[in-house]
Protein chains: 2
Amino acid sequence: MTEVNSISRKEQVIRVAAALFREKGYVAASMRDLAQKLGIEAASLYSHIKSKEEILHVLCFDMAKDFMASLDKVEAQVNLTASERLQQGIIGHVEVMAKDLTASAVFMNEHRHLSQPYLRDFLLLRINYINRFKLMIEAGMESGEFKKSIDKKLAVMTLFSSLNWMPLWYDPNSAIEPATLGKQLSDMLVNGLKQNPS
Amino acid sequence: MTEVNSISRKEQVIRVAAALFREKGYVAASMRDLAQKLGIEAASLYSHIKSKEEILHVLCFDMAKDFMASLDKVEAQVNLTASERLQQGIIGHVEVMAKDLTASAVFMNEHRHLSQPYLRDFLLLRINYINRFKLMIEAGMESGEFKKSIDKKLAVMTLFSSLNWMPLWYDPNSAIEPATLGKQLSDMLVNGLKQNPS
DNA sequence: GTGTTTTACTAACAATTGTTAGTTTGTATC
DNA sequence: GATACAAACTAACAATTGTTAGTAAAACAC
């Protein structure tokens, strides 16, 4: 019964590490801390992982893969308005995050402690992801659906900031579904706080 | 000529430390790194500061004080609509950040490495600050200026997230004034991306 | 039952961490 | 010239860091 209906020990290590990295930060979290949480000795960790950084690497790049896959799906859809496309993108992003809030927090805050060349690879992926959202916004501006008066960089960074802080305040036990939250978020960014003239 | 038209050595140390903390993170930045950037030995730092944490403390609480003072000014104004009040709050926040982007980044990302009881004090200040923005939004909802359909917590956290990521992408050398950026930001959050029906 | 893999252990390593003690040097003040 | 202070130094400390080597016990496959 190895790796069938139970997760491997390595995955266990990585999950516990994610929680620890989120709580203390990658650098402040020591391998002895991690071992203690698992009830083993620090040296025993190396039966499962190659290094501390491997854990961070797995966490960051697994999340990145999920984000990319989510955006692929949205882009594959046809006949969507810019608002709809943006909304789908946002919902997808929120859903990926909600699936693992702990890993999301690590992905967001600790990726910078990756060493080269992994850090470079990671940042390239991230720029690509942001750019694809930027294209959605630009498309909406071209079609006249969105205002052209708003700075594109500002718009996309505001969007991205809102999305990425979610792990810090979203309560996974709350009644609200990720998809609903995503809808509300996109509504707020697209339509704004102000009451529309009826 | 001590502390008249030149900043004290202690302030120099703190400024260089801020840049280092921002770049590497508080924990990963060593006192030997810091000393090297200043061209002195690590032990010499302690002629100016009591501890590594004192630097973090000064950085975080000086920023906090500025944010609070900015919000005090906004609240002292009378006869403002909710949109105007919110806009003033946002502009103030952006201006405080823009005045020292480095310290802002440390304030935002590294405050969690404060030890108790300072961490508790810091978080209380922060909750208070967020709550005051929340009150502005609620006032707008009560008066019918803002939609009531939007979740208050979502609204205020989205706002706060957008604001706090600014140090990561704002270019201090750009032509755009902090006050202008604040206006654009508040416009985007209040009125949204969508073209208003004309 | 034998062989193999997984999982853990003890012991230790070299390097790095923040910090202290005690001292010296330069500079301004009287 | 004596005094005081700021700012730096050398040397060293105890603790903690990630990691390796080598080994033992349990769980599995056949």
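Being a predicted model, the structure only gives us computed values, none of them experimental. Chain naming here is simple, since letters A, B, ... match the order of the sequence lines and numbering starts at 1 in each.
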Using atom types as modelled, flag every donor-acceptor pair under 3.5 Å from a side chain in residues 117-125 of chain A to any protein atom, sequence neighbours excluded.
none

Check: Ser186(B) side chain, Gln87(B) main-chain N or O, donor-acceptor pair, under 3.5 Å: no
Please report, rounded to the nearest Å, how far the [atom2] atom of [N] is from the [atom1] atom of [X].
| X | N | atom1 | atom2 | result |
| --- | --- | --- | --- | --- |
| Tyr46(B) | dT19(C) | OH | C1' | 5 Å |
| His113(B) | dG18(C) | NE2 | P | 13 Å |
| Leu34(B) | dT19(C) | CG | C1' | 14 Å |
| Gln36(A) | dT17(D) | CD | P | 11 Å |
| Leu45(A) | dA8(C) | CG | P | 9 Å |
| Lys37(A) | dA8(C) | NZ | P | 17 Å |

Residues 57-70 of chain A, side-chain donor-acceptor partners within the protein, below 3.5 Å, at least two apart:
none

Those residues that, when tested against Ser143(A), pass side chain to side chain contact (heavy atoms under 4.5 Å, CB included) (two or more places apart): Glu145(A)
Contacts of Asp100(B) that satisfy side chain to side chain contact (heavy atoms under 4.5 Å, CB included) - sequence neighbours left out: Thr102(B), Ala103(B)
Interface with DNA chain C, restricted to residues 49-62 of chain B and to heavy atoms under 4.0 Å: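 The answer is Ser51(B), Lys52(B).
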Sugar-phosphate, base or nothing in reach of Ala29(B), heavy atoms under 4.0 Å: sugar-phosphate
What pairs with [X] under salt bridge (Lys or Arg N to Asp or Glu O under 4.0 Å), at least two apart in sequence or on another chain?
| X | value |
| --- | --- |
| Glu84(B) | none |
| Asp151(B) | none |
| Glu142(B) | none |

Might you list the N or O atoms of the protein lying below 3.5 Å from N or O atoms in nucleotides 8-12 of chain D, with each pair's distance?
from   : atom 1 : to       : atom 2 : distance (Å)
dA8(D) : OP1    : Arg9(B)  : NE     : 3.1
dA8(D) : OP1    : Arg9(B)  : NH2    : 2.9
dA8(D) : OP2    : Arg9(B)  : NE     : 3.1
dA8(D) : OP2    : His48(B) : NE2    : 2.9
dA8(D) : N7     : Ser47(B) : OG     : 3.0
dC9(D) : OP2    : Glu41(B) : N      : 2.5
dC9(D) : OP2    : Ser44(B) : OG     : 2.8

